[in-house]
K.L.:
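After the C-alpha cells below, expect a handful of questions from me.
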Protein chains: 2
Amino acid sequence: MNGDANGFMRLALGEALAAARRGEIPVGAVIVVASTGEILAQSGNRVEELSDPSAHAEMLAMREAAARLGTPRLVGCDLYVTLEPCPMCAALAGFARLRQVCFGAYDVKGGGVEHGPRIFEQPTCHHRPRVIGGIHEQRCGRLLRAFFARRR
Amino acid sequence: MNGDANGFMRLALGEALAAARRGEIPVGAVIVVASTGEILAQSGNRVEELSDPSAHAEMLAMREAAARLGTPRLVGCDLYVTLEPCPMCAALAGFARLRQVCFGAYDVKGGGVEHGPRIFEQPTCHHRPRVIGGIHEQRCGRLLRAFFARRR
C-alpha cells in the first residue's frame, strides 16, 4: 500500500462520516483511475435518503464513474471502500472489470468478498479484481461500531 | 402458478424483446404488489444505453418500485424476470425484502440463485424470498439464444 492508497481511503472515510451525519450506515467509497490517481467518483451510503435498496456507497460510486467515462466497464480503475463489499457490490465490481478492490473493515456478517458467498472465488465469476483488505481497518470499523451503538 | 403469473411474465418478456431491439442482452423484469397485482415497475436491461454496469432489468425495476413506494424495502412485492437473477440482483432482492422471485430461463453460467454463489442459501443471507424458476422457460431462453446467435 502506498501513500496514495492512504489518501484515497481517507477520502472514503470522509464520505462514511458524512453518511453517518445523514443517518445512513456509515460506509464511503472512492473510484480512482489507477495509472493517474484521478478520482472519478466518491460517494457515501444513501439507501434511506434515496429510498433505494441498491444505493450502497460503492454501487453509487461505480455508477457515477461509469457514467463519467461513458462506458459500463471501469477497466484500469480501483475501488476504495471503508467496509468489505457485500455480495451485490462485489458482483458489480466484477461486471465493471475493476482492477482492484481495496477495503477497510472486514464484514463477517454481510461481506461478500472474504466472507459469505466469496463472489470472486466462484467458478462462475468472469473477472476477479485484485483484493486488498484491512486498509485503515481500525478507523473504518470504529465508525460503524459507534454508529450502531448510538442506534441501540 | 396462476394466470396472473403468466401475464406478468409476458410483460417481462415484452421488456426483454424491447431490450434486444436496443442492442442490449434481452432480459426483462416486472415488480408487482402481490396482494393487489398492481404493477409498480417494469424494465428491460439498459447496461450499454446508460453506461451503467448495474443497469440489469431487475435492478432497474426494483429501484423504480422502491422510489415509487418511497422506501428501500419492497415488502409484499414479487419480482418476475425472464432470466435467473445474477448474484448482484439476487443480493438486492434480499436487501429489498422481496416476497417472491419468479424467473424464466435458468442461467448456468451467470445465475446467482440456483447456480454459482446461490445467494439465498448463504448463512449470511438475512432475507430469503420464495423462488419459482422455469416460468415460460422455453420462450425466455429462446430469446437469449437467438440474440447471442446473431451477435456471433
Side-chain angles (χ1 to χ4, degrees), chain A residues 24-25 31 45-56 58-75 77 84-98 107-127, chain B residues 24-25 31 45-56 58-75 77 84-98 107-127:
Chain A
E24 305 272 0
I25 296 175
I31 299 286
N45 180 14
R46 292 182 180 273
V47 166
E48 301 298 331
E49 176 192 350
L50 302 180
S51 297
D52 180 351
S54 80
H56 290 189
E58 57 273 62
M59 166 74 70
L60 294 175
M62 282 188 267
R63 279 169 44 198
E64 190 186 325
R68 269 192 70 180
L69 293 180
T71 159
R73 284 159 286 274
L74 298 169
V75 175
C77 294
E84 178 186 344
C86 75
M88 174 181 75
C89 292
L92 178 60
F95 293 147
R97 318 260 173 92
L98 282 186
D107 187 354
V108 176
K109 286 185 188 170
V113 175
E114 305 285 356
H115 299 93
R118 298 175 192 269
I119 292 291
F120 303 135
E121 293 175 25
Q122 295 289 334
T124 50
C125 178
H126 301 304
H127 174 86
Chain B
E24 304 273 1
I25 295 174
I31 299 285
N45 180 13
R46 292 183 180 271
V47 166
E48 302 298 331
E49 177 192 349
L50 302 179
S51 297
D52 179 352
S54 79
H56 289 189
E58 56 272 63
M59 165 75 67
L60 294 176
M62 282 188 268
R63 279 168 46 197
E64 191 187 323
R68 269 193 70 178
L69 293 179
T71 158
R73 283 159 287 275
L74 297 169
V75 176
C77 294
E84 178 186 343
C86 75
M88 173 182 75
C89 293
L92 178 61
F95 293 148
R97 317 260 173 93
L98 283 187
D107 187 355
V108 176
K109 285 185 185 169
V113 176
E114 305 285 357
H115 298 94
R118 297 175 192 267
I119 291 294
F120 303 136
E121 293 175 25
Q122 294 289 335
T124 50
C125 178
H126 300 306
H127 174 85

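In what follows, chains are A, B, ... by sequence order, proteins preceding strands, each numbered from 1.
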K.L.:
Indicate the atoms forming the closest heavy-atom contact of B:S54 with A:R63, along with that distance.
P.N.:
OG-CD, 3.2 Å
K.L.:
Can you find a pair of side-chain heavy atoms, one from A:P53 and one from B:R73, that are under 4.5 Å apart?
P.N.:
no
K.L.:
With side chains defined as the heavy atoms from C-beta onward, is the minimum distance between A:S51 and B:L69 less than 4.5 Å?
P.N.:
no
K.L.:
For A:P72 versus B:V47, what's the shortest heavy-atom pair and its separation?
P.N.:
CB-CG1, 3.7 Å
K.L.:
Select one option (side chain, backbone, both, neither) describing which atoms of B:R118 are under 4.5 Å from chain A's heavy atoms.
P.N.:
neither
K.L.:
With a 4.5 angstrom heavy-atom cut-off, which part of A:C89 approaches chain B: side chain, backbone, both or neither?
P.N.:
neither
K.L.:
The criterion is side-chain hydrogen bond (donor to acceptor under 3.5 Å, both in side chains); which residues satisfy it with A:R97, sequence neighbours excluded?
P.N.:
none
K.L.:
Looking only at non-hydrogen atoms, find the nearest pair between A:P87 and B:A91 and report the distance.
P.N.:
CB-CB, 4.1 Å
K.L.:
Tell me, side chain or backbone of A:L92 under 4.5 Å from chain B's heavy atoms, or both, or neither?
P.N.:
both
K.L.:
Under a 4.5 Å heavy-atom cutoff, which of B:L74, B:D52, B:L50, B:I119 has the most pairs with chain A?
P.N.:
B:D52
K.L.:
Less than 3.5 Å apart, which donor and acceptor atoms pair up between the side chains of residues 108-115 of chain B and the rest of the protein, not counting sequence neighbours?
P.N.:
unit_1 : atom_1 : unit_2 : atom_2 : d
B:H115 : ND1    : B:E84  : OE1    : 2.8
B:H115 : ND1    : B:E84  : OE2    : 3.3
B:H115 : ND1    : B:D107 : O      : 3.4

